[in-house]
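The block underneath contains the structure these notes are about, expressed in structure tokens.
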Amino acid sequence: MIGQLEDLLTQLEQLREQAIAELASITTSAQLDEWDTRYLGRNRGELKNLSAVMPKLSKEERPVVGQKINAVKSTLEQELKAKREELKQREMLQTLEQERIDVTLPGRALPAGHMHPLSRTIQDVSAIFMKMGFQIVQGPEIETDYYNFQALNVPEDHPARDMQDTFWVSPGEILLRTQTSPMQIRTMKQQQPPVRVLVPGKVYRNENIDVSHEAMFHQIEGLLIDEHCTMADLKGVLERFAHEMFGPERRLRFRGSYFPFTEPSAEVDISCASCNGTGCRVCKYTGWLEILGSGMVHPKVLREVGYDPAKYRGFAFGMGVERIAMLQYNVNDIRLFSGNDLRFLRQF
Ligand code: DAH
């Protein structure tokens, strides 16, 4: 049996050498798993096959072979463990390399929006009047006939009440405000003089839409009430506004006009910036551009809100924000403001 024993030991030694040699060329976990099954597999692994002869050996031979088998097995197991570790490291390095991110790259800038040109005009106008002590207030866009018309001394048969001009929610009662003037009434009913408010907001009119008319647009209303207020104060305040808004070289012109809630009333024109008042296409060769309506608050209106017209007087004015913005930025079509065309909006 001696020859057989040596043969067996040699086979075990060869198995060990072969396994270790093969291990060196393995590069993936899958290959390593195959190697594991092939040499160390519990069912049909090479080592297991060689152990199958054990029962046939003599009592003296068995421990010799057993020791050798254990030695080979433990060597292979150690090698396997080391190789696994090595592959794991290598695969991790590969992943790191593939998923590499350059943290020094500059970030992608998020596109930032900016204020709508009308909001900017409202802010510009508000800032000027705030410096003169006016408070900014806002009111409802859905109004009653009373605040929008009756209390403002708009007679029953006034054309502004026509179905053509007003969007009625319920005819004769509830409407979309056609002007910011109802806030004059709401303000005065809420507080006692002195009053100094500026009211920016949306207004609605059932208009045929064209380059200068929209069904929704913005107005800014102004109201000042005090004991010794005259038309000279109105002129002074509006002139100050025009100079700050459009430049100190601009001149104002007051033209007598009619509004139901002011007496006397005036429409205010500003000298054309394009031609400096000499006449051009922008001002239709008049030298002037209309910018707002104004006047001294009508005694009937003061009485309506419970103010004593013998003690208090005041002035009011109202301007169209789109119109001001069109002058400010040289825009020739009112529809551009609500058109949401980014090519237009990005210019501001
Ligand atoms: N509410 C008027 C309109 O929409 C504008 C206006 C004119 C307002 C004269 C006023 C004013 O406060 O005094 O046409």
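Only this structure's heavy atoms are used, side chains among them; waters, hydrogens and symmetry mates stay out. Remember, predicted model here, so these are calculated numbers, not experimental data. Order of listing sets the numbers, starting from 1, for every ligand and every atom in it.
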Carefully, step by step, assess I185 and F261 under the rule side-chain contact (heavy atoms from CB on, under 4.5 Å). CA-CA 10 Å; I185 308 297; F261 38 88; over 6 Å; no

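Between E244 and R240 there is a salt bridge, since at least one side-chain N of the basic residue sits less than 4.0 Å from a carboxylate O of the acidic one. A salt bridge is defined here as a Lys NZ or Arg NE, NH1 or NH2 lying under 4.0 Å from an Asp or Glu carboxylate O, and R84 with D33 meets this definition. The pair E304-K300 fails the salt-bridge criterion, with no side-chain N (NZ, NE, NH1 or NH2) lying under 4.0 Å from an Asp/Glu carboxylate O.
F134 has its ring centre no less than 6.0 Å from the ring centre of F241.
Only one option out of E214, E141, E143 pairs with Y204 in a side chain to side chain donor-acceptor pair (under 3.5 Å); it is E141.
The 4.0 Å heavy-atom shell around ligand 1 contains residues Q179, S181, Q184, R205, Q219, E221, F259, F261, T262, G293, S294, G295, A316, F317, G318, ordered by chain and number.
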